[in-house]
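Position 1 is the first residue of the sequence, and the numbers go up from there.
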Amino acid sequence: MTVPVNPESSSGSADVSRETWQAPDEFDTPIGAAAQRAMQVLHTVAGQLPRPGHRRIFTVANQKGGVGKTTTAVNLAAALAVQGLKTLVIDLDPQGNASTALGISDRHSGTPSSYEVLLGEIPLQDAIRQSPHSDRLFCVPATIDLAGAEIELVSMVARENRLRTALAALDQSDFDYVFIDCPPSLGLLTINALVAAPEVLIPIQCEYYALEGVSQLMNNIEMVRAHLNPQLTVSTVILTMYDGRTKLADQVAVEVRRFFGDKVLRTVIPRSVKVSEAPGYSMTIIDYDPGSRGALSYLDASRELAQRATPAPVEAQS
């Protein structure tokens with residue numbers, strides 16, 4: 001398999017790395033400054049994307065840990081935001097890694113978060129926080145309180161529909177894209193995410209155990225579609241942590257494409273130290289190193305995602 005390589009990511013004037021491009025301290029800059037700098041660096045490859053006809057909601061799910069769910073959710077969201085679209089990330093993982101990557105540092109117990117939203121204590125709008133890196137990127141953070149939500153939800157009425165009900169209260173024009181970041185499990189938090197969204201995005205790591213557990217995830221998706229959300233469909237699969245130096249990565253990619261067909265994005269996300277470093281600075285790769293291969297790959301993936309048509313409702317499919 002040939003890995004799509006953006007021409008601007010090869011050596012040349014368009015390849016601006018963090019080592020050669022010295023920006024002011026990100027934490028002392030005003031809101032949106034980092035996104036504006038990213039646009040300056042990437043203006044040759046990142047134009048404005050058209051708004052979708054209606055808000056698109058993706059559940060980013062895979063019960064296997066370490067496959068890049070959170071990394072994919074926050075970087076796709078940031079890539080869409082830097083290209084002019086208003087984007088929301090809902091953090092449903094008690095670890096709160098998506099919140100950290102988006103620069104939401106105040107996440108102590110009791111802070112308005114996805115926990116209070118699921119329990120119906122506050123409307124979703126009250127928990128939304130703006131990322132300090134972009135005026136078009138927003139997050140519903142997760143706090144440690146979310147760890148107990150699965151137990152508390154068990155006895156609640158319509159426990160699987162809590163997030164869908166909260167999302168329905170948002171105006172359609174509030175956000176163009178919503179990404180729901182799930183924990184690495186198939187519990188009530190993930191079920192809430194699958195019920196709330198019509199589209200599932202599955203990140204799959206290009207390594208030996210990549211497909212292990214995917215069949216179980218697909219079975220759970222089918223169960224949710226049959227009983228709780230008939231609109232649910234796996235619309236997108238993205239290959240992550242691709243290492244072109246190994247035959248194994250190519251073999252996994254071929255197998256995934258054979259299984260999922262054209263649902264797999266042509267763009268693959270390379271294994272990158274920069275992508276791994278970015279959350280340590282409470283940033284996405286789009287802001288941390290906008291000229292890196294990882295940033296350009298997520299930009300390519302976001303454009304491919306935006307250009308794909310929204311899947312037809314299940315009832316309308318033949």
Side-chain angles (χ1 to χ4, degrees), residues 1 3-4 58-80 87 89-102 139 142 177 179-186 189-190 193 197 199-214 216-218 234-246 248-253 255-257 259-260 263-289 292-305:
M1 184 186 71
V3 183
F58 291 86
T59 288
V60 184
N62 190 332
Q63 80 274 16
K64 187 177 184 301
V67 300
K69 286 189 300 296
T70 297
T71 300
T72 295
V74 299
N75 286 312
L76 282 178
L80 290 167
T87 311
V89 176
I90 299 176
D91 194 348
L92 280 192
D93 189 343
Q95 296 178 82
N97 292 334
S99 309
T100 299
L102 294 173
C139 176
Y177 286 84
F179 294 92
I180 306 171
D181 183 38
C182 296
S185 68
L186 293 173
L189 294 177
T190 299
E199 299 185 62
V200 181
L201 188 156
I202 304 176
I204 297 181
Q205 184 181 12
C206 292
E207 292 192 357
Y208 182 73
Y209 293 111
L211 293 176
E212 189 174 272
V214 170
Q216 184 182 357
L217 174 62
M218 296 301 294
V234 176
S235 66
T236 309
V237 176
I238 184 167
L239 293 165
T240 62
M241 304 181 194
Y242 179 89
D243 188 345
R245 299 170 298 179
T246 67
L248 176 61
D250 275 335
Q251 292 168 355
V252 171
E255 190 67 18
V256 171
R257 292 184 189 280
F259 186 82
F260 287 103
K263 294 178 180 179
V264 185
L265 295 183
R266 295 187 303 274
T267 305
V268 297
I269 308 302
R271 182 175 290 281
S272 168
V273 174
K274 292 288 185 181
V275 172
S276 302
E277 286 177 355
Y281 294 88
S282 296
M283 304 174 82
T284 66
I285 188 60
I286 305 300
D287 296 309
Y288 177 67
D289 193 350
S292 66
R293 285 185 63 214
L296 294 173
S297 295
Y298 273 113
L299 279 161
D300 287 342
S302 70
R303 283 195 294 274
E304 193 176 344
L305 186 74

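Judged purely by atom type and a 3.5 angstrom limit, Glu304 uses its side chain to pair as donor or acceptor with the backbone of Thr267. Under a 3.5 Å cut-off, the side chain of Asn62 and the backbone N or O of Pro203 do form a donor-acceptor pair. Without hydrogens or angle criteria, Glu199 side chain to Val234 main chain gives no donor-acceptor distance under 3.5 Å. For the pair Ser302 (side chain) and Leu299 (backbone), a donor-acceptor distance under 3.5 Å is present. Judged by distance alone, the side chain of Asp91 and the main-chain N or O of Ser99 form a donor-acceptor pair under 3.5 Å.
Here the shortest heavy-atom pairing between Leu217 and Ala61 reads CD2-O, 3.7 Å. Nearest heavy atoms, Val200 versus Ile202: CG1-CG1, 3.9 Å. Ala142 approaches Asp93 most closely through the heavy-atom pair CB-O, 3.3 Å. Of all heavy-atom pairs spanning Glu277 and Tyr288, the tightest one is OE1-OH, 2.7 Å. Across Val275 and Gly294, no two heavy atoms sit closer than the pair CG2-CA, 3.9 Å. Heavy-atom minimum distance, Val89 versus Ala73: CG2-O, 4.2 Å.
Atom-to-atom distance recorded for Ile204:CD1 and Glu255:CD is 10.5 Å, nearest 0.5 angstrom. Rounding to the nearest 0.5 angstrom, the gap separating the CZ atom in Arg271 from the CZ atom in Arg245 is 9.0 Å. One distance of note links CG of Leu102 with CG of Asn97; it measures 11.0 Å at 0.5 Å rounding. Between the CZ atom of Phe179 and the OG1 atom of Thr59 there is a distance of 11.0 Å, given to the nearest 0.5 Å. Rounded to the nearest 0.5 Å, atoms CD1 (Ile285) and OH (Tyr298) are 9.5 Å apart. Here the CG-NZ distance, from Leu92 to Lys69, works out to 12.0 Å after rounding to the nearest 0.5 Å.
Using a 4.5 Å heavy-atom cutoff, the side chains of Ile180 and Phe58 are not in contact. For the pair Phe260/Val214, a side-chain contact is recorded, criterion being any heavy-atom separation below 4.5 Å from C-beta on. When side chains are defined from C-beta on, Thr236 does not count as touching Lys263, because their heavy atoms never get closer than 4.5 Å. Pro94 has its side chain within reach of Pro183: a pair of non-hydrogen atoms, C-beta onward, lies under 4.5 Å apart.
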Query raised in the report: Should Thr72 and Ile238 be marked as a side-chain contact (heavy atoms from CB on, under 4.5 Å) after you check the CA-CA gap, both sets of side-chain angles, and the distance that decides it?
Result: CA-CA 9 Å; Thr72 295; Ile238 184 167; 4.0 Å; yes
Query - Candidate pair Val252 and Glu207, rule side-chain contact (heavy atoms from CB on, under 4.5 Å), full reasoning - result: CA-CA 7 Å; Val252 171; Glu207 292 192 357; 5.9 Å; no
Requested in this report: Start with the C-alpha distance between Val256 and Leu239, add both sets of side-chain angles, then the distance that settles side-chain contact (heavy atoms from CB on, under 4.5 Å), and finish with yes or no.
Outcome: CA-CA 8 Å; Val256 171; Leu239 293 165; 3.8 Å; yes
Report task. Test side-chain contact (heavy atoms from CB on, under 4.5 Å) on Val237 and Leu265 and set out the steps. Result -> CA-CA 6 Å; Val237 176; Leu265 295 183; over 6 Å; no
Report task. Mind running side-chain hydrogen bond (donor to acceptor under 3.5 Å, both in side chains) on Gln205 and Thr240 for me, showing each step along the way? Result -> CA-CA 5 Å; Gln205 184 181 12; Thr240 62; over 6 Å; no
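Using modelled atom types, one finds no donor on one side chain facing an acceptor on the other under 3.5 Å when comparing Gln63 with Ser185. Checking Tyr242 against Asp250 by side-chain atom types alone, a donor-acceptor pair falls below 3.5 Å.
Under the rule for a ring pair (Phe, Tyr, Trp, His ring centres under 6.0 Å), Tyr177 has no partner lying at least two apart in sequence or in another chain.
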